[in-house]
Amino acid sequence: MSHTTDEPVDSEKRALNFIETIIEEDKLNMKNGGRVHTRFPPEPNGYLHIGHAKSICLNFGMAEKYGGKCNLRFDDTNPEKEETEYVESIMEDVKWLGFQWDKEPYYASDYFDQLYEWAVKLIKKGVAYVDDQPQEMISQQRGTPTRPGTESPFRNRSVDENIDLFARMKNGEFPNGSRVLRARIDMTSPNMHMRDPVMYRILQADHHRTGDKWKIYPMYDFAHGESDFLEGITHSLCTLEFEVHRPLYDWFIDQLIDDKSYRPRQIEFARLNLSYTVMSKRKLLELVKNNIVKGWDDPRMPTIAGLRRRGYTPASIRAFADRIGVAKRDNVIDVGLLEFSVREDLNKISPRVMAVIDPVKVILTNYPDDKLEDIELVNNPEDPESGSRKVPFGRELFIEQDDFMVDPPNKYFRLGPGREVRLKGAYVIRCESFELDEKGAVKTIYCTYDPETKSGSGPKQPKIKGTLHWVEASSAVTAEVRLYDRLFMDEDPAGHKEKDALEFMNPDSLKLLNNCKVEPMLATVKSGDKFQFQRIGYFCVDPDSATNKPVFNRTVSLKDNWAKVSQKEQG
RNA sequence: UGCCCGAUGGUGUAAUUGGCAACACGUCUGACUCUGGAUCAGAAGAGCCCAGGUUCGAGCCCUGGUCGGGCAACCA
């Protein structure tokens with residue numbers, strides 16, 4: 001009963017998921033020679049999203065865990081929707097997630113010749129025929145889930161006639177849509193997919209790889225199982241909606257291949273749903289087309305490109321995929337879990353910096369006018385290797401508006417008239433007075449500092465509850481910060497029968513802050529750089545940045561207990 | 001009136017394959033803290049969709065329901 005080889009390296013005897021259980025059984029029984037070969041088979045007609053990431057992690061993960069291989073295969077059987085642009089973005093995303101496919105990417109279109117040959121073989125066997133009927137007629141004859149279909153009048157054509165017609169379809173002798181090749185199975189099958197499914201349609205369209213070579217294209221159902229077979233796939237992992245297709249795939253292979261020593265096995269799992277977002281390509285496309293977001297890589301999008309721009313790390317997405325598990329029941333995963341996964345990773349790796357996103361000026365009335373001193377700050381307390389840096393400190397500073405209240409409640413550990421607070425890494429200051437502008441907003445806060453309390457070296461180190469982050473005014477760099485929130489206000493925006501998801505858009509999903517003050521070092525930051533803005537959250541440099549004009553995307557906020565406490569107090 | 005899946009704390013996933021339900025996130029306490037972060041310690045929360053049956057014993061097996069999802073593109 002011992003699993004002879006390939007025990008998972010990460011030890012931790014975590015329970016197996018149902019797919020791992022199947023794979024281990026298959027290996028034990030030496031099915032397909034005990035090999036494990038999976039594949040990730042996207043259609044290049046859109047950008048990958050977090051749901052695909054689940055599938056990618058699963059497919060590549062199983063191959064990795066069991067010492068097998070995983071192919072990247074583009075299911076490009078519909079030339080009307082597919083483009084090279086998508087092929088490239090998909091490859092980029094898979095690599096970025098940290099996976100390497102076996103050899104070169106595969107394409108279903110590489111098999112068009114083989115598929116054609118196989119179709120002819122099925123015709124010769126008498127299990128495929130050309131149907132001259134229009135689409136509507138075929139669809140009508142298919143019946144409904146509860147009513148059997150009826151047979152096409154062309155179903156019993158001679159093999160010769162079928163061969164001839166199919167060849168002429170291929171040669172482009174017939175207009176689009178005028179004829180199809182169908183499998184001859186069973187029009188009364190309780191499984192709709194077995195009711196003489198279409199195998200080939202006439203489509204005089206240029207294909208992104210085969211150009212104008214083909215006038216007919218195979219349907220996904222006829223290409224997919226065969227592609228798996230041709231690549232030696234052992235475990236074909238896909239989402240639940242293909243469960244009812246499986247008998248068809250098996251039927252095709254059994255008709256085509258007599259030697260039963262090797263067969264791919266399809267295993268279906270439930271697709272990922274994330275709360276407060278939509279996951280279908282169609283809906284995501286709608287968001288892009290209607291300019292609700294700024295593109296496929298808008299940081300609010302659940303696309304891989306969007307998450308990347310938002311500041312998510314590959315490791316965090318892999319950890320997320322790992323945590324959500326795989327099963328067959330419908331699920332809606334709390335976005336909070338995704339957020340937890342980034343925080344966990346970013347907490348370990350991101351340098352802490354000082355940034356005030358909603359600044360208010362503080363003047364230290366007893367601090368020398370022209371003096372600037374260097375304050376030494378630790379880069380990342382979670383990572384001793386990360387060292388420290390110097391940040392200027394002076395008489396005029398910025399702190400966060402939120403960190404000052406004219407009339408603060410008891411549990412507010414920050415600044416207010418007469419209150420004391422520590423400036424991170426620097427001194428304890430005391431608020432003596434403040435000044436309001438015409439609108440009644442706090443304009444300037446006047447404080448005194450206690451030179452004896454300098455962080456570390458000062459003789460006085462009083463216990464102070466509140467510590468604030470700050471930025472020295474004269475050296476501060478002005479930055480733009482983009483605060484993102486969930487795109488939808490409903491937990492399951494696509495789950496309403498009578499309402500469109502777009503009715504649940506969150507009007508505040510993007511908040512632009514143009515006058516943020518950040519420490520000098522951040523003037524020369526690079527796109528993609530990640531930081532923790534002390535006490536605020538994790539931020540990532542957006543490609544829109546320029547030297548001295550950095551733009552930061554908020555990846556995720558820090559957990560905020562004060563927000564909870566203050567909310568409770570308000571009732 | 002058809003066929004195929006599924007049903008375990010708020011969410012997701014487990015249960016050595018019949019022996020009184022575990023883990024993660026979340027929630028709540030408390031400790032610690034120059035990030036109200038992190039970390040650490042602890043707690044609450046399901047009696048496993050329902051009803052029968054098999055069994056000494058069932059979340060795991062059987063039967064019948066209920067509820068949820070999928071299936072009727074010349075899409076994938």
Side-chain angles (χ1 to χ4, degrees), chain A residues 13-17 21 41-43 45 75-78 80-82 108 131 134-135 138-140 142-149 176-182 189-195 197-203 216-217 219-221 223-224 238-247 268 270 275 281 322-334 336-341 343-344 347-348 352 354 378 381-382 411-414 421-426 428 453 455-456 461 463-469 532-537 557-566:
Chain A
K13 327 173 198 135
R14 223 190 58 224
L16 301 181
N17 64 49
T21 306
E43 182 190 14
N45 71 339
D75 260 326
D76 54 354
T77 54
N78 185 356
E80 294 184 316
K81 291 187 179 170
E82 294 146 7
D131 196 332
Q135 190 170 168
I138 291 177
S139 149
Q140 230 170 50
R142 184 144 20 232
T144 69
T146 53
R147 282 200 197 304
N176 283 358
S178 58
R179 268 170 245 259
V180 291
L181 182 72
R182 291 227 257 168
S189 171
N191 183 341
M192 298 292 293
H193 298 279
M194 300 301 270
R195 322 241 262 227
V198 172
M199 294 166 57
Y200 267 94
R201 75 283 215 189
I202 301 172
L203 216 55
I216 55 174
Y217 290 93
M219 299 292 294
Y220 172 83
D221 276 349
H224 190 75
C238 68
T239 43
L240 247 28
E241 68 269 27
F242 294 105
E243 203 154 22
V244 284
H245 295 237
R246 191 176 58 214
E268 307 85 6
S275 62
K281 277 187 196 169
D322 208 57
R323 252 186 279 262
I324 60 177
V326 231
K328 298 189 75 162
R329 67 182 89 108
D330 294 327
N331 60 82
V332 182
I333 274 99
D334 191 338
L337 193 58
L338 221 208
E339 293 175 350
F340 168 82
S341 299
R343 283 198 190 99
E344 179 188 50
N347 175 50
K348 286 183 300 197
R352 321 280 129 134
M354 298 286 227
V378 170
E382 304 291 320
K411 288 181 186 161
Y412 185 81
F413 306 147
R414 310 180 193 181
V421 100
R422 162 138 244 146
L423 292 180
K424 175 89 183 167
V428 173
T453 61
S455 186
Q461 297 294 333
K463 287 281 173 203
I464 300 262
K465 200 85 160 141
T467 301
L468 306 186
H469 61 279
Q532 185 201 92
F533 285 3
Q534 202 97 189
R535 297 209 308 137
I536 304 178
S557 65
L558 246 33
K559 277 219 289 190
D560 186 358
N561 277 317
W562 166 242
K564 248 185 247 169
V565 173
S566 64

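By convention in this document, chain letters (A, B, ...) are assigned in the order of the sequence lines, proteins followed by strands, and residues within each chain are numbered from 1.
- Proximity of A:R329 to the phosphate of B:G12: no side-chain N or O atom is located under 4.0 Å from OP1 or OP2.
- Among the atoms of the strands shown, only primed sugar atoms or phosphate atoms (P, OP1, OP2) are found under 4.0 Å from some heavy atom of A:V326.
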Heteroatom pairs (N/O) under 3.5 angstrom, protein to nucleotides 38-40 of chain B:
from  : atom 1 : to     : atom 2 : distance (Å)
B:A38 : O2'    : A:N347 : ND2    : 3.2
B:A38 : O2'    : A:E382 : OE1    : 3.3
B:A38 : O2'    : A:E382 : OE2    : 3.2

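- Within 4.0 Å of A:G456, counting heavy atoms only, lies at least one base atom of the nucleic acid.
- Residues A:P197 and A:M192 form no side-chain contact, since every pair of their non-hydrogen atoms from C-beta on lies 4.5 Å or further apart.
- In this structure, A:R182 atom CZ and B:C74 atom P are separated by 9 Å, rounded to whole Å.
- Taking every heavy atom of both residues into account, A:T144 and A:R195 meet most closely at O-NH2, 2.6 Å.
- A gap of 29 Å separates the P atoms of B:A22 and B:G37, to the nearest Å.
- Glycosidic conformation at B:U55 (O4'-C1'-N9-C4 for purines, O4'-C1'-N1-C2 for pyrimidines): anti, more than 90° from 0.
- Rounded to whole Å, the separation between the P atoms of B:C48 and B:G42 comes to 29 Å.
- Remark: C1' of B:C74 and NZ of A:K81 are 12 Å apart, rounded to the nearest angstrom.
- Put simply, the side chain of A:D75 never gets that close to the backbone of A:A108: no donor and acceptor are under 3.5 Å apart.
- For the pair A:R201 (side chain) and A:G177 (backbone), a donor-acceptor distance under 3.5 Å is absent.
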(request) Give the C-alpha distance, both sets of side-chain angles, the deciding distance and a yes or no for side chain to side chain contact (heavy atoms under 4.5 Å, CB included) between A:N78 and A:L203. (result) CA-CA 9 Å; A:N78 185 356; A:L203 216 55; 4.1 Å; yes
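- Residue contacts shown for A:F533 are absent, as no nucleic acid heavy atom lies under 4.0 Å away.
- Separating the CG atom of A:N78 from the P atom of B:A76 is a distance of 5 Å, rounded to the nearest angstrom.
- Taking the six-membered ring where tryptophan is involved, the planes of A:F242 and A:Y220 are tilted, since the angle between them lies from 30° to 60°.
- Using a 4.0 Å heavy-atom cutoff across all strands shown, A:G425 reaches at least one base atom of the nucleic acid.
- For A:F413, counting side-chain heavy atoms from C-beta on, the closest listed nucleotide (B:G36, B:C75, B:U8) is B:G36.
- Minimum heavy-atom separation, A:V378 to A:P381: CG1-N, 3.8 Å.
- The NZ-P distance, from A:K564 to B:U29, rounds to 9 Å in whole Å.
- The gap from the P atom of B:U63 to that of B:C5 amounts to 13 Å, rounded to the nearest Å.
- In terms of modelled atom types and a separation under 3.5 Å, the side chain of A:S189 and the main chain of A:N191 share a donor-acceptor contact.
- Contact of the A:R422 side chain with the A:Q461 side chain is registered, since non-hydrogen atoms from C-beta on lie closer than 4.5 Å.
- Spacing of P atoms, B:C20 relative to B:G12, comes out at 26 Å, to the nearest Å.
- If you check every strand for non-hydrogen atoms under 4.0 Å, A:V180 touches a base.
- Looking at A:R323 and A:S341, their side chains come closer than 4.5 Å, going by heavy atoms from C-beta outward.
- Between B:C75, B:G37, B:G12, one nucleotide has an atom nearer to the side chain of A:R201 than all others, and that is B:C75.
- The residue A:L558 sits close to a base: some heavy atom pair falls under 4.0 Å.
- Among the protein residues, A:P381 comes within range of the nucleic acid bases, having at least one heavy atom under 4.0 Å from a base atom.
- Here the side chain of A:W562 is nearest to one of B:C5, B:G36, B:A76, namely B:G36.
- Looking at A:R352, its side chain never comes within 3.5 Å of a backbone N or O of A:R535 through a donor-acceptor pair.
- Side chain A:R147 to base B:G2: no donor-acceptor pair is found below 3.5 Å.
- A:P134 comes within 4.0 angstrom of a nucleotide base, judged by non-hydrogen atoms across all strands.
- Between the side chain of A:S139 and the backbone N or O of A:Q135 there is no donor-acceptor pair closer than 3.5 Å.
- When heavy atoms are screened at a 4.0 angstrom cut-off, A:E80 is found touching no nucleic acid atom at all.
- Distance A:M194 CE to B:C4 P: 13 Å, rounded to the nearest Å.
- Contact annotation for A:S275: no contact, since no heavy-atom pair falls under 4.0 Å across all strands.
- In this structure the side chain of A:H245 never reaches within 4.5 angstrom of the side chain of A:H224, judged on heavy atoms.
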(message) Pairs counted only when both distances fall under 3.5 Å, Watson-Crick or G-U: show me the 5' to 3' dot-bracket for RNA chain B, [ ] for pseudoknotted crossings and | for other-strand partners.
(response) .((((((..((((........)))).(((((.......))))).....(((((.......))))))))))).....
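- Glycosidic conformation at B:G47 (O4'-C1'-N9-C4 for purines, O4'-C1'-N1-C2 for pyrimidines): syn, within 90° of 0.
- Side chain of A:F340, nearest nucleotide from B:C75, B:U35, B:G26: B:G26.
- At whole-Å resolution of the value, CD in A:E243 and C1' in B:C3 are 12 Å apart.
- The shortest non-hydrogen separation linking A:I464 to A:V421 is CG2-CA, 3.9 Å.
- B:U29 and B:A38 have their P atoms separated by 15 Å, with the value rounded to a whole Å.
- With both ends at atom P, the span from B:C4 to B:A51 equals 26 Å, rounded to whole Å.
- The closest side-chain heavy-atom distance from A:D131 to A:I138 is below 4.5 Å.
- Listed nucleotides: B:G37, B:C25, B:U33. Nearest to the side chain of A:K463: B:U33.
- B:A73 has its base syn relative to the sugar, with a glycosidic angle deviating from 0 by at most 90°.
- Heavy atoms only, all atoms of each residue included: A:E82 and A:N45 are closest at CG-CB, 4.3 Å.
- Between the CD1 atom of A:I202 and the P atom of B:C74 there is a distance of 14 Å, rounded to whole Å.
- Comparing A:K411 and A:N331 by the nucleotide of RNA chain B that holds the closest heavy atom to each, the one mapping nearer the 5' end is A:N331.
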So which protein N/O to nucleotides 70-72 of chain B N/O distances come out below 3.5 Å?
from  : atom 1 : to     : atom 2 : distance (Å)
B:C71 : O2'    : A:H193 : NE2    : 3.1

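- B:A58 sits 15 Å from B:C49 when the P atoms are compared, rounded to a whole Å.
- Contact between the side-chain N/O atoms of A:K281 and the OP1/OP2 oxygens of B:C75 is not found at any separation under 4.0 Å.
- When heavy atoms are screened at a 4.0 angstrom cut-off, A:Q135 is found touching base atoms of the nucleic acid.
- Look at the C1' atom in both B:G53 and B:G45: the space between them is 32 Å, to the nearest Å.
- As rounded to whole Å, 7 Å separates atom P of B:C74 from atom CD1 of A:I138.
- Contact between the side-chain N/O atoms of A:T146 and the OP1/OP2 oxygens of B:C3 is not found at any separation under 4.0 Å.
- Dashed line: the shortest gap from a side-chain N or O of A:R323 to OP1 or OP2 of B:U13 is not under 4.0 Å.
- Across all strands, A:N176 comes closer than 4.0 Å to no nucleic acid atom at all (heavy-atom distances).
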